[in-house]
Amino acid sequence: MVANAEVAAKLVEIADLLDLLGERFKPEAYRRAARSLEALPEGLEAVASRGALRTIPGVGEAIAAKVEELLRSGTIAYLDRLRSEIPAGVLALMRLPGVGPKTARRFWVELGVHGPEELAAAVAAGRLDGVKGFGERKIAQLREALEAAAHAPTTGRRPLELVWPIAQGLVTGLRAAAPVREVALAGSFRRGRETVGDLDLLVTSDAPEEVFDAFSRLPGVREIRLRGPTKETVVLDGGLQVDLRVVAPEAFGAALQYFTGSKDHNVRLRSRAREHGLKVNEYGVYRGEARIAGRTEEEVYGALGLALIPPELREDRGEIDLAARGPIPRLVDTGDLTEELHLHLPPSAGVAELERVAAAAATLRLRRVGVVTGVWAGGALGPSLPEETLHRLRNGVPPLAPVLEVRGSVEDAAAAAEAAPGSAYRVLAPTALARPASPPRGGVPVRVLAHVGGPAEAAGAIVELARSLGAGIEVGPGPERFDPASARVAVAAGVPLVLPTGVEREAGDALAPVALLFARRAGARPEDVLNARPVGGGTVRPGRSPTGSRSGRRRR
DNA sequence: GCCGTTTTCGGCCCGACTGTTTTCAGTCG
């Protein structure tokens, strides 16, 4: 079994190598196909076996053939040929900051340098001095990049939930320290991608210089990488890069749209604009010289004859055609959540803690909060809260309700429910998956929550299990929850999602907001979310069938 | 190499910033 990410990596390598050969449009074609493969909620082998590779956006005849070749034989002859033409170290040269395909190729062809180590030696030996295009500053920059690459591992993309608190801190800090009006996070962060490469911050202000000064002095800012009249790039202590842009208020919507991306979405949007005799850039929508939109995103999409597209859907997966046909179905939002299905309190939690949660629940207008009173595992019930707290909970602290958590199979869950009547139960699905599942026994008040993640390729099997149990599947960061691609499979199959409400969390905690972004990215409407529905239904009926026209089907 | 609500050929987003250049190429997002 070849993982989708592995195939995508091979295509990206082809793209990089073609870049070095000076190809104009092929590299981007291979990269676009690679991005599509990475986001695929299904194993490539399954797609290939039903002959559907070419339905993947950006995959045409040639790339489909190469993917098939890779799945069949484990290699791509075309890639092997490119590799034989270009030394591996030249690719590493191209990945140095400030070095692109042109420069890397010059190092290789003109200087006979085959990799970063050789380049470092060449720089040290003064072989770049006097070479056209390499002044003092360029050489110093190169020396620094080589130094950094030798010591620090390349900083890749980071999980969204880890970047979340950092991003919120920057927004808060900027609001407090600089003369800004609007502040917004854009980029893949705003789209709710599972991983974030860097952060894009957008502000409106009359005094850009003051904003940049204040931004540079925020705690955690390690260095300024570049600074111009409208843009500043800094690097934080952890190595995360942050781009800050200051734009005029009348262009805020256009800039937000532009810097939210995705790249593929923007490219398609611009093609559409051209077809309508319009031009879109980060300052607005133009008909000739006249600016016809730009203050809000709604204006920008409207000028192109489109309904506003939620950022989480802007991936060029058919959302533009959808928006051309009419308003996009409303996606689930924080305010739709009516219930917390399971909340773990610290083992020492006292009565005051219950009251704190109840107050938080009131603020969030939650009608029910399931508090885990014990974990049933291996046929025994483990205590999880002090006796006084349990007593108080059972005697009623609205809207809190005791919930029993079961880790095991469906049979375990039924046994646990009989041993501790009156509590709902949930199944931790890794174990449930390992055993044959059967529907819960009758007469027990249950609500099944499959608490399980895994590779996107496995999503289909888990969704089917959840459907047979009448379970909802928790969405959010971490290996025990569904990521956006898997969640999309669930939504398309009519299996409801479950979202954490964040009721017990401290401010700045990322679980609930990130889970919400993931669900929205999966195209989930309020009715696709189990705990966004009216309380009282209790059990989800097993074996619900998808309803033909659900949101999940509008993309691929 | 991909793609199509003007197209199966001829396009492919577009601007900021840097360094080095005296008018622009390369990189980046």
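We use all heavy atoms of the structure for the numbers below, so side chains are in, but hydrogens, waters and symmetry mates are not. Chain naming here is simple, since letters A, B, ... match the order of the sequence lines and numbering starts at 1 in each.
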For A/F482 and A/A487 the tightest heavy-atom approach is CD2-N, 3.7 Å
Give A/E61 one of three labels, base, sugar-phosphate or nothing, depending on what nucleic acid heavy atoms sit under 4.0 Å from its own. sugar-phosphate
Taking the six-membered ring of A/F212, is the NZ or CZ of A/R227 close enough (under 6.0 Å from the centre) and on axis enough (within 45°)? no
Once you apply a heavy-atom cut-off of 4.0 Å, does A/R227 come out as touching a base, just sugar-phosphate, or nothing? sugar-phosphate
Could you state the atom-to-atom distance from CD1 of A/I224 to C1' of B/dC17 in whole Å? 15 Å
Please determine whether a side-chain nitrogen of the Lys or Arg among A/E85 and A/R81 lies less than 4.0 Å from a carboxylate oxygen of the Asp or Glu. yes
Pick the P atom in B/dG26 and in B/dT21, then give their distance to the nearest Å. 14 Å
Would you mind classifying the nucleic acid contact of A/P229 as base, sugar-phosphate or nothing, using non-hydrogen atoms under 4.0 angstrom? sugar-phosphate
Would you kindly give the CZ-to-P distance between A/R268 and B/dC13, to the nearest whole Å? 11 Å
What interatomic distance, in whole Å, is found between C1' of B/dC17 and the corresponding atom of B/dG11? 28 Å
When you check the phosphate oxygens OP1 and OP2 of B/dC14, does a side-chain N or O of A/N281 lie under 4.0 Å from one of them? no
Length of the line joining A/H265:NE2 and B/dC14:C1', which is rounded to integer Å: 16 Å
In this structure, how many angstroms lie between the P atom of B/dC13 and the CZ atom of A/R32, rounded? 11 Å
In whole angstrom, give the distance that lies between atom NE2 of A/H276 and atom P of B/dT6. 7 Å
When rounded to the nearest 0.5 angstrom, what is the spacing between CG in A/L278 and CG in A/L304? 6.0 Å
Assess whether atom CD of A/E223 is packed by more than 12 heavy atoms of other residues, nucleotides or ligands within 6.0 Å. yes
Send over the distance from A/L226 CG to B/dG15 P, rounded to a whole Å. 19 Å
Heavy-atom count check: over 12 atoms from other residues, nucleotides or ligands less than 6.0 Å from A/E61 CD? no
Would you indicate which nucleotide in B/dG1, B/dC17, B/dC13 comes nearest to any side-chain atom of A/K66? B/dG1
Per A/I63 side chain, nearest of listed nucleotides B/dC2, B/dC14, B/dC17: B/dC2
Closest nucleotide among B/dG15, B/dA16, B/dC13 to the A/T230 side chain: B/dA16
B/dC12 base stacked by A/F25? Criteria: ring centres under 5.5 Å, plane angle under 30°. yes
Sticking with atom P, work out how far B/dT6 lies from B/dG1, rounded to a whole angstrom. 28 Å
Quick one: do A/D316 and A/R35 make a salt bridge, cutoff under 4.0 Å? no
Nearest-Å distance for atom pair CG/P, residues A/L18 and B/dG1: 8 Å
For B/dT20 versus B/dC14, give the span between their C1' atoms, rounded off to a whole number of Å. 23 Å
For B/dT7, is chi within 90° of 0 (syn) or not (anti)? syn
A/E23 CD to B/dC2 P, straight-line distance once rounded to whole Å: 13 Å
Which of these nucleotides, B/dG1, B/dC17, B/dG15, is closest to any side-chain atom of A/Y283? B/dG15
Roughly how many Å apart are B/dT23 and B/dT18, using the C1' atom of each and rounding to a whole number? 15 Å
So, is A/S271 near the phosphate of B/dG4, with a side-chain N or O under 4.0 Å from OP1 or OP2? no
Using a 4.0 Å heavy-atom cut-off, write out nucleotides 19-29 of chain B from 5' to 3' as B (base contacted by protein), S (sugar-phosphate only) or - (no contact). SS-----SSSB
Using a 6.0 Å cut-off, check whether atom CZ of A/R330 has over 12 heavy atoms from anything other than its own residue. yes
Please find the pair of heavy atoms, one from A/F107 and one from A/F134, that lie closest to each other, and give the distance. CE2-CZ, 3.6 Å
P atom, B/dC3 versus B/dC13: distance in rounded Å? 14 Å
Does any nucleotide pair with B/dT8 by Watson-Crick or G-U wobble geometry, both distances under 3.5 Å, and what is it? none
